[in-house]
Amino acid sequence: MNKAAGYALPLVRLTLDKLDPMNKRHSLLICSLLCLFFVLFSCGKSENASVPESFRVTIRVQDEPLSLIPMMSSTIVGSQIIRHIYWPAAEYDPFDLTYQALLLTDLPESVTEAEGPWKGSQRFDLRLREEASWSDGEPITAADYAFSVKAAFLPACAVSGFASFFSNLQDIRINPADPKQITVWVSPGYMLAKELVSNFNLIPRHIYDREDVLAKYSLAQLKDPQSTGVDLGQDTAYQALDQYFQLMDMTPDNIVGSGPYTLGDWQSKQYLALKRVDDWWGDQLKIRKPLFEAYPEEIVYQIISDEQVALTALKDGSVDVAMIARPDNYIATQQEPGATDKFTFGHASNSIYMYIGMNNQHPILRDAEVRIALAYSMDVDRVISTLMNGLAQRTVGPFMPGSPNYNNDLKPIPLNIEEALKHLNAAGWTDSNRDGTVDKMIDGRRIECVLPVMVSANSSLGQNVALILQENAAKIGIRIELDPIADNATLRQRLGTGDFVMATMSNSPSVGIYDPYQSWHSQSFKDNTGNVIGFVDPESDAIIDSLRHEEDPQQLIDEYRQFQAELYKEQPVIFLVIPEVLFIHRKDYEVRPSVVKPGIWEPAIIPQQQ
């Protein structure tokens, strides 16, 4: 499970959305996504790739990861790098979305438990590959699997939201006679059970818990220590382990994974280099599939926050591949004389949607009428035409337009100042003191309608989105003020603690079926595991609770559409657009667009075949 979100806008990873493409109830969504993808990108990698052993690729990224430990990461760039170091037990192919066993011998299949404390639950009997080993040569065992789940409940790991992901995982048993055998129980009917037991990154117990601290606790005790009578605060070894995770140095010695790459070097704010693992266990299997192929000997992530500087680095040859956030930069570079002779300009479909987040717990924004008024004050068509150069499409919710789950009955809210003013007045806002800003008595105090929008100081796109809202909101008496933040760490911290009023944001659900619990359920807000906008709506909660255990395919689609209609009615955020993924790379490299974020698959990059 890779957890991250955001691109040019503030980064937030809020949802966990997975799909088993082999399940026929999901096949229509997968087919629609893949048809679009393959129509646009029919060219593939050469069958007989001849890649020099010294082949190295340098890729521009906008920011560096917070951590390389999966349970400590919450950004797109973190997930982008971690997925090549720490493998999950199973993963989606980055090009055709087939679900494939990686660390497991076979894909997990469930049976209904017939007896015992978990009678009626879904039971999975998993077996790890005999060949699977960590980069230091130690075998990957069931103890590593159990530790990886339990570590998610350390306080230090709260930032990633993994604990919420495991809420439906009931118990784990290790076979004492077979260190490669695991049995896992999952809540009855949970829609993502297969992904829950197999699609999260494993980490090595012998490296990160040398004293085996977590082994003495059951999963239930770590998930809910209070109700199970456990006082973790009195366990000095547990507290020391949590502190170790918080303070862990990201050095090559501390990064021991199962994937084809490991950390070579990391110079903060400059670059992060991955090197191919010597005698990697996956090479023994001789599996000719993208997930088991890793061509570059070294992948260097060059950290360049400014896009113009990144384009200069691309042109002078110090960067081979550059992900581009601003369409105007992409088009301007493409139109430069001789550019298409030197570079390939790629683009891919995207699952990232941009939106303006609103703190629904704020005294002004807790009223849906105000949120709706703001939605009518946002000129999304102008965002597409002037900021995105047409390389984006509108969305009215967290679903891909064109997918079976998308509610086509919901029409995009247009810019309509008259309608915005009507909703604002319905909420009781008037300009009583005639200063040009509407006001209202709230909790015994007269409040002016002034709303700061938090934006990244490094993102002109986010700032320009806020400026468009500012211009139109002023026409109904709402004063929008920009609140630029210089670094993404501060952005994430303020979003996570609710220290914001509004913010330009983006969300990146993983490819697959959508579980809206973490992003939108009120319990995620109360548990501080997601839903940073503080959206609390009983109707929405009821729909989410139902669809998470829905087994009928058509009923699931109907409930997704009901959920989207409820979001549309309440407008907890202003949904904007789904931008295309844009990238530029040197002409003599083959870079295949990928279905998964951020739109390329680095290990598949090869020199252009002559």
Side-chain angles (χ1 to χ4, degrees), residues 1 3 12-14 16 66-75 78 86 117-118 142-174 182 184-187 196 200-250 254-256 361 489-490 492-499 517-518 521-532 534 536:
M1 178 194 66
K3 305 175 63 58
V12 190
R13 175 61 170 95
L14 300 176
L16 302 159
L66 296 176
S67 171
L68 290 182
I69 305 302
M71 289 74 181
M72 304 288 291
S73 178
S74 62
T75 64
Y86 299 93
W118 305 116
D144 295 313
Y145 181 100
F147 167 68
S148 300
V149 174
K150 292 178 178 180
F153 294 92
L154 289 167
C157 299
V159 65
S160 70
F162 266 77
S164 175
F165 177 67
F166 289 128
S167 62
N168 281 281
L169 201 158
Q170 296 172 314
D171 201 5
I172 302 171
R173 297 282 174 84
I174 297 172
I182 316 133
V184 188
W185 289 268
V186 178
S187 300
L196 174 58
F200 60 91
N201 310 80
L202 269 63
I203 59 176
R205 181 204 56 79
H206 72 283
I207 295 294
Y208 303 127
D209 188 8
R210 298 179 187 274
E211 303 300 321
D212 223 6
V213 173
L214 297 185
K216 65 184 177 183
Y217 293 107
S218 69
L219 181 59
Q221 289 173 321
L222 293 170
K223 289 173 73 173
D224 192 357
Q226 186 172 1
S227 66
T228 55
V230 174
D231 188 354
L232 297 173
Q234 297 301 311
D235 185 342
T236 56
Y238 177 88
Q239 295 299 321
L241 179 66
D242 184 61
Q243 185 78 354
Y244 169 71
F245 266 75
Q246 291 184 46
L247 302 177
M248 189 186 308
D249 290 329
M250 294 295 105
N254 284 335
I255 305 302
V256 177
Q361 299 298 306
T490 302
R492 287 186 289 266
Q493 186 272 331
R494 286 186 55 183
L495 287 167
T497 58
D499 182 20
Y517 184 89
Q518 189 179 7
H521 200 284
S522 64
Q523 195 60 47
S524 292
F525 168 66
K526 294 170 186 174
D527 293 341
N528 197 31
T529 56
N531 189 3
V532 298
V536 176

Out of curiosity, [X] [atom1] to [Y] [atom2], how far, rounded to the nearest 0.5 Å?
| X | Y | atom1 | atom2 | value |
| --- | --- | --- | --- | --- |
| Ile203 | Cys157 | CD1 | SG | 7.0 Å |
| Ile174 | Ile182 | CD1 | CD1 | 7.5 Å |
| Gln234 | Gln239 | CD | CD | 8.5 Å |
| Tyr517 | Ser522 | OH | OG | 7.5 Å |
| Thr236 | Leu241 | OG1 | CG | 11.5 Å |

Are [X] and [Y] close enough that some pair of their side-chain heavy atoms sits under 4.5 Å apart?
| X | Y | result |
| --- | --- | --- |
| Met71 | Leu154 | no |
| Thr529 | Gln523 | no |
| Leu202 | Phe200 | yes |

[X]: partners by side-chain contact (heavy atoms from CB on, under 4.5 Å), with sequence neighbours left out:
| X | result |
| --- | --- |
| Asp235 | Lys216, Tyr217, Ala237, Tyr238 |
| Gln493 | Thr497 |
| Asn254 | Tyr244, Met248, Asp249, Thr251 |
| Leu66 | Ser74, Thr75, Arg492 |

Just by modelled atom types, is the [Y] backbone N or O under 3.5 Å from a matching donor or acceptor in the [X] side chain?
| X | Y | answer |
| --- | --- | --- |
| Asp209 | Leu214 | yes |
| Lys223 | Phe153 | no |
| Gln221 | Gly229 | no |
| Ser167 | Ser164 | yes |
| Asn201 | Tyr86 | yes |

Those residues that, when tested against Lys526, pass salt bridge (charged side-chain N to carboxylate O under 4.0 Å, His left out) (two or more places apart):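 Listed in chain order: nothing, the list is empty.
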
Salt bridge (charged side-chain N to carboxylate O under 4.0 Å, His left out) partners of Asp212, counting only residues at least two apart: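 Per chain and number, Asp212 pairs via salt bridge (charged side-chain N to carboxylate O under 4.0 Å, His left out) with Arg205.
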
No-hydrogen, no-angle side-chain donor-acceptor test under 3.5 Å, Asn531 and Ser524: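 On atom types as modelled, these side chains do not qualify, holding no pair under 3.5 Å.
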
Closest heavy-atom contact between [X] and [Y]?
| X | Y | result |
| --- | --- | --- |
| Asp224 | Thr228 | O-OG1, 2.9 Å |
| Ser73 | Gly78 | OG-CA, 3.6 Å |
| Ser67 | Met72 | OG-CB, 3.4 Å |
| Tyr208 | Val256 | OH-N, 3.6 Å |
| Val186 | Leu196 | CG1-CD2, 3.7 Å |

Residues Phe166, Leu219; criterion side-chain contact (heavy atoms from CB on, under 4.5 Å); working and verdict: CA-CA 10 Å; Phe166 289 128; Leu219 181 59; 5.9 Å; no

